[in-house]
Amino acid sequence: MEPKRPTAKSHAHSVLTPAFQAIPNPTNGVKRKRDDRFERTATNASSPPRKPDTAQNLSKSQGNGQLQNGKQDPAHRSTDNSLSKPLNEKRKALLSARKALPIWPHASEIRESLRGVRDVMLLVGETGSGKSTQVPQFLMNETWCQGCIAITQPRRVAAISLARRVAEEMGTPLGSSSPASKVGYSVRFDTSTSPSTRIKFLTEGMLLQEMLRDPWLRQYSAVIVDEVHERSVNVDLVLGFLRGIVTGDKKGRRGAPLKVAVMSATADIEGLFNFFDEGYAAAGKIKSQIFTPGHQADGEDDSESSWSGLSSPEETEGKTKSSSDQTVHIKSTFISTCYIEGRQFPVQIMYLPEPVQDFVETALRTIFQIHYKEPMPGDLLVFLTGQDTVEALEKLVNEYAQTMGPEVPKILTLPLFAALPQSAQQRVFQRAPPKTRKVILATNIAETSVTVPGVRIVVDSGKAKIKQFRNRLGLDSLLVKPISKSAAIQRKGRAGREAAGQCYRLYTEQDYIKLETDTVPEILRCDLSAAVLTMKARGVDDVVGFPFLTKPGREGLEKALLQLLQLGALNEDGKISETGRQISRLPLTPALGRVIVAAADEGMGCLSEVIDIISCLSVENIFPNLNTEDTKEQAEAARQELYRRQGDHLTLLATVQAYAAERSDRKAWAEKYFVSHRAMQNDVRKQLRAQCQQQKLLPATASFDDHNTTTSEARTIKILKCFLRGFASNTARLMPDGSYKTLVGNQTVAIHPSSVLFGKKVEGIMYNEFVFTNRSYARNVSAVQMDWVGEVFVP
DNA sequence: GAGCACTGC
């Protein structure tokens with residue numbers, strides 16, 4: 001029984017007059033606990049003590065360490081001559097910044113780690129160690145490095161901004177801006193490389209696509225896989241393929257080695273080590289592990305215990321401590337490991353003494369405790385679960401803030417979640433006005449994707465919405481769950497980027513101890529059909545035998561194989577079909593890819609329209625959510641003109657067509673209809689059209705000229721049947737009691753309130769998504785006749 | 001009556 005959350009109104013009146021008495025005194029109410037990580041690091045005898053004061057202090061000691069070693073970065077000498085003066089000046093300034101990075105003194109160790117037969121390096125580098133920018137530069141002039149170095153990132157923005165930074169540091173133009181450019185990047189919609197590119201940042205998905213074309217990655221001498229701890233499905237696939245290349249014979253590479261560096265921010269390398277070690281063993285190479293604790297020990301004292309001590313299960317944060325105290329090396333013949341300390345200021349952790357029911361209410365109290373107690377400056381970052389809790393808390397904080405006395409600094413609340421328009425997201429990066437504290441109310445987006453400057457205090461609800469695919473039901477659940485320890489540590493770390501910070505955990509220390517160590521990897525939580533198709537397209541016949549870092553359950557793999565078979569992406573023998581190959585090259589889920597292929601069979605007009613619809617399904621919401629009741633009503637009225645009785649798919653098509661027909665002022669048009677102008681300027685449409693042409697899904701003579709602005713009834717049926725070819729299993733029929741029941745599994749499903757068919761009753765529905773939140777919802781829904789469903793299975 | 005976060009030649 002969860003107590004009903006108090007409304008802002010009731011509090012503003014009764015409890016909070018005068019503002020603060022209702023909120024317990026922070027020193028009594030919250031148990032204090034020092035984060036002892038810093039203390040341990042500071043007593044480390046082997047390196048100068050690290051003080052939390054300034055980055056300058058840090059840079060000095062580490063710069064000196066480099067000088068003592070008397071080594072120079074060869075990357076430096078070799079390119080100097082070709083530089084113009086201003087670039088050189090800039091680079092000199094950047095060089096001192098590079099020398100200040102914690103990773104700098106490890107340059108020769110890192111180079112050594114990948115020489116000779118050592119083809120795999122596992123590197124743990126905490127946030128701020130500089131690993132992403134420096135490791136490729138350390139490696140690029142090694143004798144084995146004749147080709148290009150690829151470095152993967154989970155996100156597009158990271159790939160681009162890292163490339164820009166490294167280009168600056170090397171004093172080379174970026175990407176395609178000059179044929180002499182040595183640093184480039186490749187992400188969806190934006191590839192910028194030159195013939196001279198030596199270091200290429202790319203997204204994991206991009207590297208997977210390159211692997212389909214060139215399974216041996218012949219243009220690369222090394223692949224650096226960064227941010228592995230985030231464990232996206234794509235990174236798991238990349239690692240599996242890379243293991244095959246490094247442990248296999250090098251015939252496909254004409255004997256040239258491929259060096260692989262795997263980098264992670266958390267000390268989870270035991271699993272990675274075993275993963276690659278098993279690969280070497282399976283390939284018949286000697287399985288020799290020498291665990292070498294301490295610095296340059298000889299390997300005689302190879303005790304498993306020191307290694308398992310590193311991964312002691314009871315305390316993840318303990319791992320970080322012991323690893324900072326002494327560099328832990330584990331060596332095998334082929335695999336080396338390397339630990340780099342980060343540059344993170346200490347963060348003090350506070351727990352609640354008692355568990356609470358309502359974290360929104362508790363967050364409210366905590367925010368104001370902090371605001372009254374802590375000196376300025378120091379912005380707050382609050383981690384919540386979703387848009388609903390962010391908006392609820394925003395309202396409450398704003399109400400309470402009005403009751404503060406004039407002597408108290410002001411509060412500026414800033415919501416931050418993915419569905420928020422870009423302009424509103426940008427507000428978190430602006431400096432707060434004088435005498436104002438920013439309070440950023442964020443979802444998980446702030447855990448990895450967005451770094452907010454100025455944050456010194458984190459408030460962590462300890463919860464997040466987690467998506468989990470359920471094979472049996474064929475649906476996604478999106479539920480609020482406790483986060484893992486590593487996520488809690490990640491959130492805490494957001495307070496220590498610029499100065500010493502604090503983290504208020506809205507749960508007890510006991511609760512923290514009970515959290516799972518790591519977040520469940522995505523591959524155990526998602527629909528595997530796309531991953532299986534990628535494997536099949538790269539020639540993996542036995543997907544159960546694929547080298548997974550974490551093996552997904554058999555049920556999930558079987559479900560995926562079955563779905564691909566139903567889509568015609570696989571033949572009866574389990575090998576990929578021509579259709580499957582076409583689908584695997586499209587940047588879409590297999591089901592949506594199947595719709596494209598079906599539409600291509602129907603001819604030009606149909607394909608063009610299906611692409612218009614799918615491009616809308618692949619981007620942010622075309623019809624953005626609105627805050628106030630007033631605008632909601634206005635929007636509903638304006639959008640009526642675009643809505644189609646057949647459902648969401650034809651509504652999207654009508655919207656694209658109306659937008660395309662508007663020749664004068666499209667921005668004004670979008671505003672009039674409450675349609676997202678940004679979402680309508682859709683690169684996916686362009687990309688899909690180009691890919692269909694490249695893949696010859698159309699006769700060579702056909703081209704995408706601008707098509708009709710209206711769609712005939714016969715055409716709409718054709719279009720819906722194309723969608724059914726991909727989504728035949730996502731259908732439900734109307735029951736006498738007015739509910740819908742799925743054809744497969746006979747489960748109750750409700751039409752999502754965002755659908756134009758919400759509240760309508762039709763014979764049958766077809767939908768793109770089946771999600772369980774508070775109940776089972778079908779999203780992106782169209783009306784279909786039940787006899788069409790049987791039809792699509794006829795070849 | 002409702003929308004965690006990413007990604008794709």
Side-chain angles (χ1 to χ4, degrees), chain A residues 152-159 186-191 193 202-214 227 230-238 383-391 416-420 442-450 461 463-468 476-481 483 487 490 519 522 525-526 530-531 533-534 537 583-590 592-593 614-615 618-621 623-627 629 632 636 683-684 687-688 690-695 750-755 757-759 769 771-780:
Chain A
T152 68
Q153 293 294 320
R155 281 169 291 281
R156 296 205 295 249
V157 274
S186 180
V187 303
R188 190 183 193 182
F189 308 129
D190 191 4
T191 289
T193 56
L202 28 60
T203 48
E204 293 151 357
M206 217 58 168
L207 186 68
L208 279 178
Q209 284 298 320
E210 289 193 4
M211 281 179 163
L212 296 189
R213 278 206 314 281
D214 177 13
E227 312 285 3
E230 292 189 26
R231 293 298 303 278
S232 63
V233 175
N234 283 348
V235 96
D236 281 17
L237 292 180
V238 164
F383 282 100
L384 299 161
T385 54
Q387 183 179 345
D388 48 351
T389 48
V390 165
E391 285 173 347
L416 181 63
F417 47 86
L420 204 66
T443 61
N444 247 358
I445 193 171
E447 201 176 294
T448 48
S449 310
V450 176
S461 67
K463 300 226 160 25
K465 278 190 193 171
I466 312 261
K467 199 167 174 175
Q468 167 111 38
D476 275 314
S477 315
L478 189 58
L479 300 173
V480 174
K481 294 246 169 88
I483 59 173
Q490 181 77 21
T519 309
E522 194 190 4
R525 294 188 286 117
C526 74
L533 187 62
T534 302
I583 296 172
S584 75
R585 293 193 197 105
L586 292 166
L588 298 169
T589 62
L592 284 173
I614 288 181
S615 61
S618 310
V619 295
E620 65 189 279
N621 206 346
F623 300 112
N625 311 310
L626 300 154
N627 313 332
E629 287 304 313
K632 267 183 199 171
E636 204 59 24
D683 284 337
V684 181
Q687 187 191 25
L688 289 177
Q691 296 229 327
C692 287
Q693 270 163 341
Q694 271 168 28
Q695 287 204 43
I751 296 174
H752 194 274
S754 65
S755 171
L757 290 184
F758 176 70
E769 281 180 286
V771 189
F772 182 88
T773 51
N774 290 316
R775 56 193 291 209
S776 297
Y777 285 111
R779 281 177 30 187
N780 294 311

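The figures here come from the full heavy-atom set of this structure, side chains too, leaving out hydrogens, waters and symmetry mates. Order of the sequence lines fixes the chain letters, A, B, ..., with proteins taken first and strands second; residue numbering starts at 1 for each chain. Quantities reported herein were computed from a predicted structural model and do not represent experimental measurements.
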Within this structure, what is the [atom1]-to-[atom2] distance between [X] and [N], rounded to whole angstrom?
{"X": "A:Leu202", "N": "B:dC9", "atom1": "CG", "atom2": "P", "answer": "11 Å"}
{"X": "A:Ile751", "N": "B:dA2", "atom1": "CD1", "atom2": "P", "answer": "14 Å"}
{"X": "A:Asn234", "N": "B:dC9", "atom1": "CG", "atom2": "P", "answer": "10 Å"}
{"X": "A:Leu688", "N": "B:dT7", "atom1": "CG", "atom2": "P", "answer": "17 Å"}
{"X": "A:Phe623", "N": "B:dG1", "atom1": "CZ", "atom2": "C1'", "answer": "18 Å"}
{"X": "A:Arg525", "N": "B:dA5", "atom1": "CZ", "atom2": "C1'", "answer": "9 Å"}
{"X": "A:Glu210", "N": "B:dT7", "atom1": "CD", "atom2": "P", "answer": "17 Å"}
{"X": "A:Gln694", "N": "B:dG8", "atom1": "CD", "atom2": "C1'", "answer": "14 Å"}

Quiz item: So which one's nearest nucleotide on DNA chain B is more toward 5', A:Val157 or A:Leu626?
Solution: A:Leu626

How would you label the contact of [X] with the nucleic acid (heavy atoms, under 4.0 Å): base, sugar-phosphate, or nothing?
{"X": "A:Ala464", "answer": "nothing"}
{"X": "A:Ser755", "answer": "nothing"}
{"X": "A:Arg188", "answer": "base"}
{"X": "A:Tyr777", "answer": "sugar-phosphate"}
{"X": "A:Gln209", "answer": "base"}
{"X": "A:Leu588", "answer": "base"}
{"X": "A:Thr773", "answer": "sugar-phosphate"}
{"X": "A:Leu478", "answer": "base"}
{"X": "A:Ser232", "answer": "nothing"}
{"X": "A:Gln687", "answer": "sugar-phosphate"}

Examine [N]: is either OP1 or OP2 under 4.0 Å from a nitrogen or oxygen in the side chain of [X]? Give yes or no.
{"X": "A:Thr203", "N": "B:dG8", "value": "yes"}
{"X": "A:Arg156", "N": "B:dG8", "value": "yes"}
{"X": "A:His752", "N": "B:dG1", "value": "no"}
{"X": "A:Ser449", "N": "B:dA5", "value": "no"}

Exercise. Given side-chain contact (heavy atoms from CB on, under 4.5 Å), test A:Leu688 with A:Leu588 step by step and report yes or no.
Key: CA-CA 9 Å; A:Leu688 289 177; A:Leu588 298 169; 3.9 Å; yes

Quiz prompt | Pairing residues for A:Glu447 by the salt bridge (Lys or Arg N to Asp or Glu O under 4.0 Å) criterion, not counting sequence neighbours | solution = A:Arg491

From the list [options], which nucleotide is the closest neighbour of the side chain of [X]?
{"X": "A:Val187", "options": "B:dG8, B:dG1, B:dA5", "answer": "B:dG8"}
{"X": "A:Gln387", "options": "B:dG3, B:dC6, B:dG8", "answer": "B:dG3"}
{"X": "A:Pro753", "options": "B:dG3, B:dA2, B:dA5", "answer": "B:dA2"}
{"X": "A:Met206", "options": "B:dA5, B:dC9, B:dG1", "answer": "B:dC9"}

Quiz item: Can you find a side-chain donor-acceptor pair between A:Arg585 and A:Gln694 that sits under 3.5 Å?
Solution: no

Quiz item: Can you tell me if A:Thr448 and A:Glu230 form a side-chain donor-acceptor pair at under 3.5 Å?
Solution: no

Quiz item: Between the main-chain N or O of A:Ala530 and the side-chain N or O of A:Thr534, is there a donor-acceptor pair closer than 3.5 Å?
Solution: yes

Quiz prompt | Donor-acceptor under 3.5 Å (A:Gln468 side chain, A:Ser477 main chain) | solution = no

